[in-house]
J.: 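Pasting a structure below so you can have a look.
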Amino acid sequence: MIKNILFDFDGTLADTAQGIVETLRESFVRLGRPVPTEEEMVATIGRPLWKAFQTLGNMTEEEAHQAVEVYAGLFMQYEIPNIRMFPGVTAMLEQLAERGIRMAIVTSRDRHSLDLILQNNNIDRYFETEVTVDDHLTPKPAPDMVLALLARMNIKADETLVVGDTTFDIEMGNRAGCGTCAVTWGNHSCELLQSARPDMIIDDLDSIYHELSQQK
């Protein structure tokens with residue numbers, strides 16, 4: 001029986017792709033480097049930002065971390081105005097909370113930006129804790145971030161569902177021994193998500209509550 005849900009953030013709860021793309025694009029302009037295509041940038045969402053820069057710009061690790069600093073300086077101007085919570089997120093979280101489901105976030109985003117977005121959208125109260133890139137754990141698709149939450153919350157893997165929009169999320173949850181749920185409205189296609197072998201694939205937020213309601 002699922003008693004706990006660990007949510008990815010970008011592309012799962014929030015539509016952040018356009019904001020991330022706009023900020024990445026401007027970062028490459030400021031760095032004087034060739035700007036990747038939008039498709040290339042979207043494909044890196046879900047990975048730590050420095051890894052995205054490393055991949056997109058063929059950068060050294062040091063150069064990538066310097067690029068992250070440029071991105072951080074542009075965040076409020078280019079990313080924040082373009083972030084929207086997906087329709088129905090607050091209602092779904094409220095339903096899950098009323099059901100007694102414990103919830104947390106596992107994200108490659110940094111803690112400062114995550115907390116700012118959660119507070120701006122008044123949904124921070126639903127999440128017991130969070131693991132972010134600032135915890136310096138091996139990133140998705142390694143299981144480390146989920147394993148850290150299981151230990152911190154003192155919860156069991158077989159009672160926990162990992163929900164995400166990328167293969168990175170699903171592979172992470174599978175490797176941690178949790179149930180996995182892929183959502184189709186994010187950054188990876190349904191076909192790509194199927195390759196990661198999630199326990200379920202859903203097309204709308206209501207399906208999460210519906211699936212849990214079927215539990216005996």
Side-chain angles (χ1 to χ4, degrees), residues 5-28 35-57 64 67-68 71 74-75 78-89 92-93 104-110 113-114 116-118 121 123 127 130-133 138-143 145-146 161-176 178 180-208:
I5 299 182
L6 309 181
F7 286 100
D8 167 58
F9 186 72
D10 296 275
T12 300
L13 297 178
D15 185 359
T16 60
Q18 193 58 43
I20 291 172
V21 166
E22 292 296 333
T23 316
L24 281 172
R25 181 181 290 119
E26 185 62 22
S27 296
F28 277 97
V35 178
T37 67
E38 181 168 342
E39 183 179 13
E40 289 171 332
M41 290 187 280
V42 169
T44 67
I45 296 176
R47 307 301 301 277
L49 188 55
W50 71 269
K51 285 243 180 223
F53 274 113
Q54 197 172 39
T55 300
L56 294 168
V68 169
Y71 185 104
L74 300 168
F75 171 75
Y78 287 89
E79 185 172 345
I80 279 291
N82 288 293
I83 291 175
R84 302 288 184 274
M85 302 307 297
F86 285 113
V89 164
M92 175 203 64
L93 295 173
I105 290 179
V106 51
T107 179
S108 298
R109 178 178 288 276
D110 68 273
S113 66
L114 175 66
L116 179 63
I117 298 166
L118 293 177
N121 289 278
I123 60 171
F127 302 105
E130 58 199 34
V131 164
T132 73
V133 69
T138 306
K140 306 173 184 182
M145 298 175 84
V146 166
L161 185 68
V162 175
V163 180
D165 70 306
T166 70
T167 57
F168 313 131
D169 302 309
I170 304 308
E171 291 171 16
M172 172 182 63
N174 286 340
R175 293 179 187 182
C178 298
T180 50
C181 173
V183 305
T184 60
W185 55 81
N187 296 301
H188 281 187
S189 67
C190 185
E191 182 180 12
L192 186 56
L193 290 167
Q194 286 173 335
S195 72
R197 300 183 180 278
D199 292 307
M200 66 180 85
I201 298 179
I202 61 173
D203 297 318
D204 58 76
L205 283 168
D206 289 341
S207 296
I208 295 178

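Positions are given from 1, in the same order as the sequence printed here.
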J.: If I take atom OG1 from residue T44 and atom CG from residue N187, how far apart are they, to the nearest 0.5 angstrom?
T.: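 Between T44 OG1 and N187 CG, I get 9.0 Å after rounding to 0.5 Å.
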J.: Taking the side chain from T184 and the backbone from I202, do they hold a donor-acceptor pair closer than 3.5 Å?
T.: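 Judged by distance alone, yes, a pair lies under 3.5 Å.
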J.: Any heavy-atom pair between the side chains of T166 and L192 that's under 4.5 Å?
T.: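 Sidechains of T166 and L192: no contact.
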J.: Taking the side chain as everything from C-beta on, heavy atoms only, tell me whether E22 gets closer than 4.5 Å to Q18.
T.: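 Result yes, sub-4.5 Å side-chain heavy-atom pair found.
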J.: Which pairs, with at least one residue in residues 189-198 and sequence neighbours excluded, count as a side-chain hydrogen bond (donor to acceptor under 3.5 Å, both in side chains)?
T.: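 Qualifying pairs, neighbours excluded: none.
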J.: Return the set of residues passing salt bridge (charged side-chain N to carboxylate O under 4.0 Å, His left out) with R47 (not counting sequence neighbours), or none when no residue passes.
T.: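 Testing R47 for salt bridge (charged side-chain N to carboxylate O under 4.0 Å, His left out), a comparison that skips the adjacent residues, returns none.
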J.: Using the test ring pair (Phe, Tyr, Trp, His ring centres under 6.0 Å), find all partners of F28 that sit at least two apart in sequence or belong to another chain.
T.: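 Once residues adjacent in sequence are excluded, the partners of F28 under the ring pair (Phe, Tyr, Trp, His ring centres under 6.0 Å) criterion are F53.
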J.: I'd like to check D8 versus D165 (side-chain heavy atoms, cut-off strictly below 4.5 Å). Are they in contact?
T.: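 They are in contact (side-chain heavy atoms under 4.5 Å apart), so the answer is yes.
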J.: Should E130 and L118 count as side-chain neighbours, where that means a heavy-atom distance under 4.5 Å?
T.: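 Answer yes - side chains close enough.
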J.: At their closest point, which heavy atom of S108 faces which heavy atom of P48, and how far apart are they?
T.: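 Taking every non-hydrogen atom into account, CB-N, 3.7 Å.
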J.: For a quick test of reading the model, state the closest non-hydrogen atom pair linking P139 to M145 and the distance between them.
T.: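 Shortest heavy-atom separation between P139 and M145 comes out as CA-SD, 4.3 Å.
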J.: Can you find a pair of side-chain heavy atoms, one from N121 and one from V89, that are under 4.5 Å apart?
T.: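 The answer is no, as the side chains (C-beta and beyond) never meet within the 4.5 Å cut-off.
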J.: Can you list the residues that meet the side chain to side chain donor-acceptor pair (under 3.5 Å) rule with T55, with sequence neighbours excluded?
T.: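 Not a single residue meets the side chain to side chain donor-acceptor pair (under 3.5 Å) criterion with T55.
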J.: Atom CZ in R25, atom OG1 in T37: separation rounded to 0.5 Å?
T.: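 Atom-to-atom, R25:CZ and T37:OG1 are 9.5 Å apart.
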J.: Please test F7 against L93 for side chain to side chain contact (heavy atoms under 4.5 Å, CB included), starting from the C-alpha separation and ending with a verdict.
T.: CA-CA 11 Å; F7 286 100; L93 295 173; 4.0 Å; yes
J.: Between H188 and A43, which heavy-atom pair has the shortest distance, and what is it?
T.: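 Distance-wise, the nearest heavy atoms are NE2-O, 4.3 Å.
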J.: Nearest 0.5 Å please: distance from the CG atom of L161 over to the CE atom of M200.
T.: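 If we round to the nearest 0.5 Å, L161:CG and M200:CE are 5.0 Å apart.
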J.: To the nearest 0.5 Å, what is the distance between CZ on F127 and CD1 on I5?
T.: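 One finds 9.5 Å between CZ of F127 and CD1 of I5.
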J.: Donor-acceptor pair, T180 side chain versus D199 backbone, under 3.5 Å?
T.: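 Pair found, side chain donor or acceptor close to backbone of D199.
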J.: Only counting residues at least two apart or in another chain, list the ones meeting ring pair (Phe, Tyr, Trp, His ring centres under 6.0 Å) with Y78.
T.: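 For Y78 there are no ring pair (Phe, Tyr, Trp, His ring centres under 6.0 Å) partners, ignoring immediate neighbours.
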J.: Could you check if a side-chain atom of I201 sits within less than 4.5 angstrom of a side-chain atom of C190, using non-hydrogen atoms only?
T.: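 Contact flag for I201/C190 side chains = yes.
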J.: Looking only at heavy atoms, what is the nearest atom pair of V162 and C178, with distance?
T.: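 Smallest heavy-atom distance, with atoms named: CG2-CB, 3.9 Å.
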J.: Taking it one step at a time, do I20 and Y71 satisfy side chain to side chain contact (heavy atoms under 4.5 Å, CB included)?
T.: CA-CA 9 Å; I20 291 172; Y71 185 104; 3.8 Å; yes
J.: Nearest 0.5 Å, what's the CE-OG distance between M41 and S27?
T.: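 One finds 10.0 Å between CE of M41 and OG of S27.
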J.: Of all the heavy-atom pairs spanning I83 and A14, show the shortest one and how long it is.
T.: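 Shortest heavy-atom separation between I83 and A14 comes out as CG2-CB, 4.5 Å.
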J.: Tell me every residue that passes side chain to side chain donor-acceptor pair (under 3.5 Å) with T132, counting only those two or more places apart in sequence or in another chain.
T.: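 Once residues adjacent in sequence are excluded, T132 has no partner under the side chain to side chain donor-acceptor pair (under 3.5 Å) criterion.
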J.: Do S113 and L116 come close enough that some side-chain heavy atom pair is under 4.5 Å?
T.: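 A side-chain contact is absent here, since even the closest heavy-atom pair is not under 4.5 Å.
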J.: Please check if the side chain of N174 supplies one atom and the backbone of A196 the other of a donor-acceptor pair under 3.5 Å.
T.: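 Side chain of N174 to backbone of A196: a pair is present.
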J.: So, does K140 use its side chain to make a donor-acceptor pair with the main chain of V106 at under 3.5 Å?
T.: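 Yes, because the side chain of K140 sits within donor-acceptor range (under 3.5 Å) of the backbone of V106.
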J.: Would you check, one step at a time, whether the test side chain to side chain contact (heavy atoms under 4.5 Å, CB included) holds for M92 with L13?
T.: CA-CA 10 Å; M92 175 203 64; L13 297 178; 4.0 Å; yes
J.: Would the distance check show the side chain of T23 and the main-chain N or O of F75 forming a donor-acceptor pair, the cut-off being under 3.5 Å?
T.: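 Not confirmed, T23 side chain does not pair with F75 backbone.
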J.: Hey, what do you get for CG (L49) to CG (D110), rounding to the nearest 0.5 Å?
T.: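 Rounded to the nearest 0.5 Å, the CG-CG separation comes out at 8.0 Å.
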J.: Would L114 and I105 count as a side chain to side chain contact (heavy atoms under 4.5 Å, CB included) if you check the C-alpha gap in whole Å, the side-chain angles of each, and the deciding distance to 0.1 Å?
T.: CA-CA 9 Å; L114 175 66; I105 290 179; 4.0 Å; yes
J.: Grab the two heavy atoms, one from G164 and one from I170, that are nearest each other, plus how far apart they are.
T.: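 Of all heavy-atom pairs spanning G164 and I170, the closest is O-CD1, 4.2 Å.
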J.: Sub-3.5 Å donor-acceptor pair from the side chain of D204 to the main-chain atoms of D206, do we have one?
T.: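 At least one qualifying donor-acceptor pair exists.
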